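Working notes, structure below.
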Protein chains: 2
Amino acid sequence: MARIVMVEDDPLMREELIDILQKEGFETVAITDFHDIALQIATLAPDLVILDINLPEQSGFEICKSLKSKGIGPILVLTSRDKLQDELHGLYLGADDYLTKPCNRDRLLARIQNLLRRYEGQPSLIDGGSFSLDPNTFTLYKGSQSLVLSANEGGILLALVQNRPEIVSKRALSERLWGTDQYIDENALQVNLTRLRKTLRQLNLENQIETIRGQGYRLRG
Amino acid sequence: MARIVMVEDDPLMREELIDILQKEGFETVAITDFHDIALQIATLAPDLVILDINLPEQSGFEICKSLKSKGIGPILVLTSRDKLQDELHGLYLGADDYLTKPCNRDRLLARIQNLLRRYEGQPSLIDGGSFSLDPNTFTLYKGSQSLVLSANEGGILLALVQNRPEIVSKRALSERLWGTDQYIDENALQVNLTRLRKTLRQLNLENQIETIRGQGYRLRG
DNA sequence: ATTTTCCCTTACACCATTTGTAAGTGTTTT
DNA sequence: AAAACACTTACAAATGGTGTAAGGGAAAAT
């Protein structure tokens, strides 16, 4: 079941939330130490974060921004601040939904399900800057366009995406594709890189792969 | 700029919406013929749909459901129905957000931006019930698993998903794969269906395709 | 109960795609 | 100027996709 992390400093409200969510079958984790909240949440790997705004050490707005920059979501803000400007600010910072207290139990649950549904039906794609890559199938996505890379092309791109923005040596790429127990001429790597660059051009992804002479390759961006 | 399709039968409200959105730089398309709305919207390929609920021929709820089954989204419901049960129903049917009229202009725009931001960068997958399908590459997604179907297997599954839960005749499937100007033995369709069923089993998707003897096939769920 | 019809499955051969090798070219470094 | 490194294109072999053929099973018709 989905893991929901709650950032709420009012003890009574927190217990009530925990009760509602656990009755619904969710795994709940409540933040009680209000220092370095974004870091704590990152290590918890939540499926959804319920975030209050008025907190002791940091504003929920700051936390929201920090979570977003770490790619953690979805984030549902649940706060007593019911002014329109606060809602606009929260949404602007990247909150996925903004609800005000007091909130009807069924409404809260419906909004939570809504966010979970939207995120969990999505494939686990790895962000490559200007594109996304499915590590299972080597399917490359850019906007509404997509294409499937061949095994070799996909293996190379995956290695570069996973190590972005670090340089990946030719030796590491060769081992990634062919292992160490069979001899493949080094030129095969060059050829496959040329094929990959050509394929990337089909999605207008020019100059994504940068050559560092004598060291290896890296993904730009 | 993003294309927003509006389904609103009140002319004054519709004009006001168009004005607000165009001033913001959006491309707007307003539905004025209220028959077969889901089909019209599908051909428009919108980036977002603003949907009223009280409409002349069909309920916005039905349209929402139909759009969702065709993988069209996001959907922002904007309605005068402000009862909690209506909101819950809309979210249950798959609406991505539910706002009631009258709605503050800045709030509406913020919610629209919120949805657009969340969907751009995501591949356009069609919902198949227990799985999702990328119509470009025939990549099949189920949870964190994915695999790429062959052209024939993908073409068959796509047809079934797009017509779900309707029956698709063998003739329609054959025409989808081979057109009408070349003769392919009917058994080729049977063979490819067997191959597709075997591939689906690799993702534990048993019994997804139902045979209706003498009529055709349909997707379960 | 038997026959006919429809659907499914497996194997085979042909076609399309992927990929390592070979050879040539261009650029950068020594 | 020569050497080293990187890139590109073409070719042939290997691999995967797919229609056809043949056989079998189940449901419907007689």
Side-chain angles (χ1 to χ4, degrees), chain A residues 136-140 147-160 167-202 206-220, chain B residues 137-140 147-160 167-202 205-220:
Chain A
N136 286 339
T137 61
F138 299 141
T139 307
L140 183 60
L147 56 76
V148 184
L149 300 169
S150 67
N152 281 353
E153 294 175 18
I156 294 174
L157 191 60
L158 181 57
L160 296 179
I167 292 172
V168 185
S169 71
K170 286 189 291 190
R171 180 185 189 136
L173 288 172
S174 289
E175 288 179 10
R176 186 70 171 259
L177 295 183
W178 300 292
T180 51
D181 50 87
Q182 57 170 320
Y183 176 78
I184 304 284
D185 192 271
E186 182 188 295
N187 186 48
L189 182 63
Q190 313 285 2
V191 172
N192 279 289
L193 269 150
T194 296
R195 287 168 177 157
L196 175 55
R197 279 169 162 141
K198 182 180 179 184
T199 303
L200 290 170
R201 283 197 288 274
Q202 291 173 32
E206 267 88 349
N207 303 316
Q208 292 291 310
I209 301 175
E210 181 183 9
T211 304
I212 297 84
R213 192 183 170 98
Q215 292 184 61
Y217 302 88
R218 72 180 162 205
L219 206 62
R220 288 188 209 272
Chain B
T137 60
F138 299 141
T139 307
L140 182 61
L147 57 74
V148 184
L149 300 170
S150 67
N152 281 354
E153 294 176 16
I156 294 174
L157 190 60
L158 181 57
L160 296 179
I167 292 172
V168 186
S169 71
K170 286 190 291 190
R171 181 186 188 135
L173 288 172
S174 290
E175 287 179 9
R176 189 67 174 261
L177 295 182
W178 300 292
T180 52
D181 52 87
Q182 59 170 320
Y183 176 79
I184 302 287
D185 192 273
E186 182 187 296
N187 186 48
L189 181 63
Q190 313 286 2
V191 172
N192 278 289
L193 269 150
T194 296
R195 288 168 177 158
L196 174 55
R197 281 171 161 140
K198 181 179 178 184
T199 304
L200 289 171
R201 283 198 290 275
Q202 291 174 32
L205 291 163
E206 266 88 349
N207 305 315
Q208 292 291 308
I209 301 175
E210 181 183 9
T211 304
I212 297 84
R213 189 184 170 97
Q215 292 184 61
Y217 301 88
R218 71 181 161 204
L219 205 64
R220 288 189 210 270

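Each chain gets a letter, A, B and so on, in the order the sequences are listed, and its residues count up from 1. Since we're looking at a predicted model, the values are computed, not measured.
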Quick one: [X] [atom1] to [N] [atom2], roughly how many Å, whole number?
X: L177(B); N: dG19(D); atom1: CG; atom2: C1'; value: 12 Å
X: I156(A); N: dT18(C); atom1: CD1; atom2: P; value: 14 Å
X: L193(B); N: dG17(D); atom1: CG; atom2: C1'; value: 16 Å
X: L200(B); N: dC8(C); atom1: CG; atom2: P; value: 14 Å
X: L173(B); N: dC6(C); atom1: CG; atom2: P; value: 17 Å
X: R171(B); N: dC6(C); atom1: CZ; atom2: P; value: 15 Å
X: Q190(B); N: dC8(C); atom1: CD; atom2: P; value: 5 Å
X: D185(B); N: dC14(C); atom1: CG; atom2: P; value: 18 Å

Quiz item: Testing T194(B), N152(B), I156(B) for side chain to side chain contact (heavy atoms under 4.5 Å, CB included) with L189(B), which one passes?
Solution: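 Of the listed residues T194(B), N152(B), I156(B), the side chain to side chain contact (heavy atoms under 4.5 Å, CB included) partner of L189(B) is I156(B).
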
Practice problem: Could you say whether E186(B) or V191(B) is positioned toward the 5' end of DNA chain C, judged by the nucleotide with the nearest heavy atom to each? | Solution: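 Nearer the 5' end of the strand: E186(B).
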
Quiz prompt | Residue met sooner reading DNA chain C from 5', once N192(A) and R197(B) are mapped to nucleotides | solution =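 Comparing both residues, the 5'-ward one is R197(B).
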
Self-check item: Salt-bridge present (R218(A), E210(A); N to O < 4.0 Å)
Solution: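 Judged by the 4.0 Å cut-off on N to carboxylate O distance, R218(A) and E210(A) do form a salt bridge.
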
OP1 or OP2 of [N] less than 4.0 angstrom from a side-chain nitrogen or oxygen of [X], does that happen here?
X: R213(A); N: dT29(C); result: no
X: N152(A); N: dG20(C); result: yes
X: S150(A); N: dT18(C); result: no
X: W178(B); N: dT18(D); result: no
X: T194(A); N: dC7(D); result: no
X: Y217(A); N: dC7(D); result: yes

Practice problem: Report the nucleotide, chosen from dT20(D), dG20(C), dC7(D), that has the shortest atom-to-atom distance to any side-chain atom of N187(A). | Solution: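 Of all the options, the side chain of N187(A) is nearest to dC7(D).
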
Exercise. Measure the spacing between OG1 of T211(A) and CZ of R197(A) and express it to the nearest 0.5 Å.
Key: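 With rounding to 0.5 Å, OG1 (T211(A)) is 4.0 Å from CZ (R197(A)).
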
Quiz item: So, for A159(A) and R176(A), which heavy atoms are closest and what is the spacing to 0.1 Å?
Solution: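 The pair with the smallest heavy-atom distance is CB-NH1, 3.6 Å.
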
Practice problem: May I ask you to test the Y217(B)-L193(B) pair for a side-chain heavy-atom distance under 4.5 Å? | Solution: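 Yes, side chains in contact.
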
Exercise. Please state whether the base of dT9(D) and the side chain of R195(A) form at least one donor-acceptor pair under 3.5 Å?
Key: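 Counting by modelled atom types and ignoring angles, no donor-acceptor contact under 3.5 Å is found here.
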
